[in-house]
Amino acid sequence: MGAITKAEIGIGAASRANRYLDPAAETMPRDQLAALQLARLRDTVRNAYDHVPTHRARLDAARVRPDDLQSLADLRRLPFTVKSDLRDHYPFGMFARPCHELARLHASSGTTGKPTVVGYTRQDIDTWADLMARSLHCAGARQGDVVHNAYGYGLFTGGLGAHYGAERLGAVVVPMSGGSTERQIALIMDFRARVLCATPSYALAIAEVAEAQGVDLRASSLEIGLFGAEPWSQAMRGEIEDRLGLKAVDIYGLSEIMGPGVACECECRNGLHGWEDHFLFEVIDPDSGHALPEGEAGELVITTLTKQALPMLRYRTRDITRLTSAPCDCGRTHQRILRITGRNDDMLIIRGVNVYPSQIEAVLIGRPSIAPHYQLVVQRQGSLDQVSIEVEAQPGVPGESFEAIAHDVAHYIKSMIGISTDVLVQAPGTIPRSQGKAVRVRDLRPKGP
Ligand code: DLL
């Protein structure tokens, strides 16, 4: 097959010019947006109060009735919801609709105990498809594009979420799922995909396999990647863009709230627009639970505004980020969530210093002789946590130099983040590659109190 230039891929120039998929919603003046949010918040609280006993009991305890909400500031009177609420009421106890009225269930396999189950009515699926289409469009995908979807299909929301959104956009979906990386590469080339949907770690695994096969994906039809489902650093973005020759766009979501498409970057790539006509976003201090002023880093809390089956009141995501409502050059009026630096659960406290894996990633990527694959191994030595970092040498780097590289990396981490770590440099290919969410931390500390 002859080489195709990116300009030859069949997308109408006219449709490229359409910046917004839903201009009225995406550029809604903020006062109108606030009025819409308040009306929808009242409906959501009513739905939760009338149909979910746990919400009703908590709202009663907080002395809040659905009709009491006078302004959006009253949001702070609502009780929080946490992940364990879903587990404690497994499988359907937090649903506001009986199971037979649902169209779909998804679930995430928790590391401990019962999975978290989420449900959707037909209308919820429809809204999700709209928001995912909006996100894809916001990232630069257009009607007629071939969208290669390497998010896992099944109970994980990534695969079907991106699938329905791409179909709603009018794109041509390749429902690939994760795995069979060689085949993925062949199909990206043969079907001339313009858009790749994958976790950032799997995108890198695709790049690596392509390079080993002698396939230059940088010269392929790929132009845009929608990467999310796990934290990734700006350095990782650069690495992926260099090796895949595309524009890497950050997309965020979580199954408890909907799935992918809760927020997405636009062409400015300076934070992810959170779709405020369907969700309310807050950032709180994770210890005190108090709302933080805009711009301060804390735990992201999300309230759904249109979900029927699983209304969520002030859901504590455990994701750490900041919000800004400063105007964006793209013209969208929706707030931006800045890059998620990590999850509260992933935060390591190393000799008193709080560290997220993504901070270490940002330091590792781009170091000479080091490949962008790593794992942090946490162990307990006496009463102290000890972190060792396993990294891989780039192919072709001689084994004799591993120790010197390790020394250099440890020194660099110490100077950039301020923590002392043991670094172990291993041969290329040693660290397991992900086909979905990468496992960055191996926690070998004893479990329990
Ligand atoms: O990961 C949904 C998704 C699929 C998002 C595909 C984006 C793309 P869960 O499996 O429920 O849902 O995991 C949600 O993943 O709370 C974050 O900790 C993390 N996460 C998701 N997107 C990002 C992102 C999907 N862009 C959890 N950056 C969330 C950092 C992310 N972390």
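Counting begins at 1 with the first residue of the sequence. For ligands, and for the atoms within them, numbers begin at 1 and follow the listed sequence.
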Check this for me: does any side-chain nitrogen of one of [X] and [Y] sit under 4.0 Å from a carboxylate oxygen of the other?
X    : Y    : answer
R269 : D250 : no
R380 : D443 : no
E265 : R237 : yes

**Report entry** N/O donor-acceptor pair under 3.5 Å between R142 side chain and H137 backbone
**Finding:**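 Yes, R142 side chain to H137 backbone: donor-acceptor pair under 3.5 Å.
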Nearest protein heavy-atom contact for [atom]: which residue, which atom, what distance?
atom                    : result
atom 25 (C) of ligand 1 : G253 O, 3.6 Å
atom 1 (O) of ligand 1  : K437 NZ, 2.8 Å
atom 28 (N) of ligand 1 : E230 O, 3.3 Å
atom 20 (N) of ligand 1 : A229 C, 3.5 Å
atom 29 (C) of ligand 1 : D319 OD2, 3.3 Å

Query raised in the report: Any N or O of G228 that comes nearer than 3.5 Å to an N or O of ligand 1?
Result: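 No: no nitrogen or oxygen of G228 is under 3.5 Å from one in ligand 1.
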Query raised in the report: Between W232 and ligand 1, does any nitrogen or oxygen pair lie at a separation below 3.5 Å?
Result: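 No: no nitrogen or oxygen of W232 is under 3.5 Å from one in ligand 1.
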When the side chains of residues 295-305 are checked against the rest of the protein, which donor-acceptor pairs come out under 3.5 Å, sequence neighbours left out?
unit_1: E299; atom_1: OE1; unit_2: R316; atom_2: NE; d: 3.3
unit_1: E299; atom_1: OE1; unit_2: R316; atom_2: NH2; d: 2.7
unit_1: E299; atom_1: OE2; unit_2: R316; atom_2: NE; d: 3.2
unit_1: E299; atom_1: OE2; unit_2: R318; atom_2: N; d: 3.1
unit_1: T303; atom_1: OG1; unit_2: R314; atom_2: N; d: 3.0
unit_1: T304; atom_1: OG1; unit_2: M312; atom_2: N; d: 2.9

Which of the ligand 1 atoms, numbered from 1, are nearer than 4.0 Å to a heavy atom of [X]:
X    : value
S255 : 9 (P), 11 (O), 12 (O)
T157 : 2 (C), 12 (O)
P260 : 2 (C), 3 (C), 4 (C), 5 (C), 6 (C), 7 (C), 8 (C)

Query raised in the report: Where on D250 is there a heavy atom closer than 4.0 Å to ligand 1, on the side chain, on the backbone, on both, or on neither?
Result: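 Side chain only.
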Query - F95 ring center near H51 ring center (under 6.0 Å) - result: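 They do not qualify: ring centres at least 6.0 Å apart.
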Requested in this report: Test C330 against H273 for side-chain contact (heavy atoms from CB on, under 4.5 Å), laying out the working first.
Outcome: CA-CA 10 Å; C330 75; H273 290 283; 3.4 Å; yes
Report task. Could you tell me whether ligand 1 has any atom less than 4.0 Å away from a heavy atom of S108? Result ->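 No heavy atom of S108 comes that close to ligand 1.
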Query raised in the report: Quick one: ring pair (Phe, Tyr, Trp, His ring centres under 6.0 Å) pairs with a partner in residues 241-271, sequence neighbours left out?
Result: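 Matches after skipping sequence neighbours: none remain.
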